[in-house]
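Order of appearance sets the numbers: ligands from 1, and atoms from 1 within every ligand.
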Amino acid sequence: MKICMIGSGYVGLVSGACFSDLGNNVTCVDINKDRISKLNNGIIPIYEPGLQELVIRNLKHKRISFSNDISNSIKKSDIIFICVGTPTKNNKADLKYVFNAVKSIKSNLNKYKIIVTKSTVPVTTGDKIEKILNKQKNKFDVVSNPEFLREGEAIRDFQYPDRVVIGTNSNKANKIMKNLYLPLIKKGSRYINTSRRSAELIKYASNAFLATKITFINEIANLCEKSNIDVHDVATGMGLDERIGSRFLRAGPAYGGSCFPKDTRALVHTGKTFKTNLSVVKSVISSNDNRNKLLLDRLKIIMNNKINKKNITFLGVTFKSGTDDMRESPSIKMIPSLIKKGAIINYYEPTGPKYELKSKNVKFYDNIKNACKRADLIIIHTEWNEFKQLNFKKITKKKNFKVFDMRNLYSPNDMKKNKISYFGIGR
Ligand code: NAD
Ligand code: UGA
């Protein structure tokens, strides 16, 4: 198939590269010229394991190309995937990028095409797109095909999805979309065809449910801290019940990233539009918003209220491991609060320095040892593998240093044996 991905970010680039690897002819377009020129030179503008090899392999075989010429790329394609950002503005999904993309499609609808929303868009967005394009004389179908990939695991998630959801009432579009995904279906992925609105809601409901699961275990972790229980035991015991499942039950800092925070807020707004009170999702949002403050209060207790002039080292600052994405990372809120209290912040981040943290009181180091050398407190903020086997006594010079492991990577008993002042989450 000839495919055009509008938007070459985490979703457009990853899914475009994966579709090309399945033998399709893919053009990834973007309004960001620098991004496209980098991609044409084989430089991947985001950190995503395995993506570089995938892109280079398909560039070599001429199955993928990158372009700023949006009009021409739309004209020559049969399926157009909208993969632009849908950030929230005033707690509502801001669809300006989506509708700009639709504008480009409208003026280049030269033959039958399937227009697919892969961006996460609120219920009824497909209806609105259809209305805008209806004035065109050429036939088309608007399909919702939400994307469920996780950053850091994006390629695997795309190639082996739990399910492919196609929201359309058109038999023709459904047949073409099923054929496009056939190689994944043959490997065992479930395929479901629903109404377009259902597909749009499946995406938001899934993200909100996962965010709820995390928030639930985070609150149970708060209780464990006060009642001398290890949340790890509780999560294991709960997760063995197949109705609950063990995944997304890792207690930690507030959930972050470019999706859970914005999608939960946008879902509540959709509820409002349809006069439905989504009270569970609302309390998840407020519990998660409160979590940074809660962890900072805990940190104060760990430091005996002495934060002024203390060296605090963050290991990892992105919202999770395996990505360079800083969107809604807890570190963005925690670090300025600590600086206000007089702390000196050092950090090591495997994907390099972050402009979001630029300040005279924040210093980036390109290795763990130098970042931790003067640390009074080491905070394990993300769960990169390279943080899992550290010899803290060797990397720090301070005698009475402490470790706050926000990802529970270490065993409290081992730390006790090694006489390290160690604090985890929910233990
Ligand atoms: P992103 O910000 O990384 O990429 C979006 C890209 O679209 C940018 O490069 C931007 O320049 C480009 N763009 C904007 N307007 C354009 C236009 N009119 N024409 C061409 N290009 C345009 O965003 P993302 O993280 O890839 O997310 C995209 C969508 O997918 C969002 O709705 C998001 O919620 C959803 N989603 C994201 C993930 C994820 O892991 N990041 C997973 C599933 C779904
Ligand atoms: C999430 C979903 O998992 C994807 O299915 C979805 O496609 C995507 O959002 C999206 O819509 O964009 P992502 O945000 O990349 O993917 O990363 P996750 O692995 O889900 O982590 C999200 C946040 O939850 C992170 O802050 C992570 O640290 C936190 N988390 C996750 C926990 O605190 N505990 C867990 O057990 C799992």
Which atoms of ligand 2 are found less than 4.0 Å from any heavy atom of F248? 3 (O), 19 (O), 20 (O), 31 (C), 35 (C), 36 (O), 37 (C)
Answer yes or no for K103: is there a heavy-atom contact with ligand 1 below 4.0 Å? no
Distance filter under 4.0 Å to C83 heavy atoms, resulting ligand 1 atoms: 5 (C), 28 (C)
Which atoms of ligand 1 sit under 4.0 Å from any heavy atom of T86? 31 (C), 32 (O), 34 (O)
Indicate yes or no: does an N/O atom of E151 lie under 3.5 Å from an N/O atom of ligand 2? yes
Tell me which protein heavy atom sits closest to atom 4 (O) of ligand 1, plus the residue, atom name and distance to 0.1 Å. G9 CA, 3.2 Å
Of all protein heavy atoms, the one nearest atom 8 (C) of ligand 1 is D30 OD2, 3.4 Å
Geometric N/O contact G256 with ligand 2, under 3.5 angstrom: yes
Relative to each other, are the rings of Y47 and W384 parallel, tilted or perpendicular (30° and 60° limits)? perpendicular
Heavy-atom contact check, 4.0 Å cutoff: does K203 meet ligand 2? yes
Mind checking whether T120 has an N or O less than 3.5 Å away from an N or O of ligand 2? no
Run the numbers for me: atoms of ligand 1, each under 4.0 Å from some heavy atom of G7, listed by number. 6 (C), 7 (O), 12 (C), 20 (C), 21 (N)
Do ligand 2 and F260 have nitrogen or oxygen atoms that lie under 3.5 Å from each other? no
Answer yes or no: does an N/O atom from Y255 fall short of 3.5 Å to an N/O atom of ligand 2? no
Which residue and heavy atom of the protein sit nearest atom 26 (O) of ligand 1, plus the separation: V11 N, 2.8 Å
Hey, is G257 one of the residues with a heavy atom under 4.0 angstrom from ligand 2? no
Compute the ring centroids of F19 and Y181, then answer whether they are less than 6.0 Å apart. yes
Counting heavy atoms only, which of L149, N218, V11, T323 is nearest atom 6 (C) of ligand 2? L149
Considering the heavy atoms of L149, write down every atom of ligand 1 situated less than 4.0 Å from one of them. 40 (O), 42 (C)
Between ligand 2 and A254, is the shortest N or O to N or O distance under 3.5 Å? no
Could you tell me, atom by atom, which parts of ligand 1 come under 4.0 Å of a heavy atom of K203? 43 (C)
Suppose I only count heavy atoms of R327 and a 4.0 Å limit; which atoms of ligand 1 are within that range? 2 (O), 3 (O), 23 (O), 25 (O)
For atom 43 (C) of ligand 1, find the nearest protein heavy atom and state the residue, atom name and distance (0.1 Å precision). E147 O, 3.3 Å
Identify whether the distance between the nearest side-chain nitrogen and carboxylate oxygen of K135 and E130 falls below 4.0 Å. no
Nearest heavy-atom neighbours spanning F401 and V403: CE1-CG2, 3.8 Å
I6: numbered ligand 1 atoms lying under 4.0 Å from its heavy atoms: 19 (N), 20 (C)
4.0 Å heavy-atom contact, R407 with ligand 2: yes
For the pair E386 and Y348, evaluate side-chain hydrogen bond (donor to acceptor under 3.5 Å, both in side chains) and give the outcome as yes or no after the intermediate values. CA-CA 11 Å; E386 59 189 294; Y348 165 70; 2.7 Å; yes
To which of K320, R150, R250 does the heavy atom nearest atom 27 (C) of ligand 2 belong? K320
If I apply the N/O under 3.5 Å rule, does G252 come out as touching ligand 2? no
Go through ligand 1 atom by atom and flag the ones less than 4.0 Å from a non-hydrogen atom of K262. 33 (C), 34 (O)
For atom 17 (C) of ligand 1, which protein heavy atom lies nearest, and how many Å away is it? I31 CG2, 3.8 Å
CZ (F216) with more than 12 external heavy atoms under 6.0 Å: no
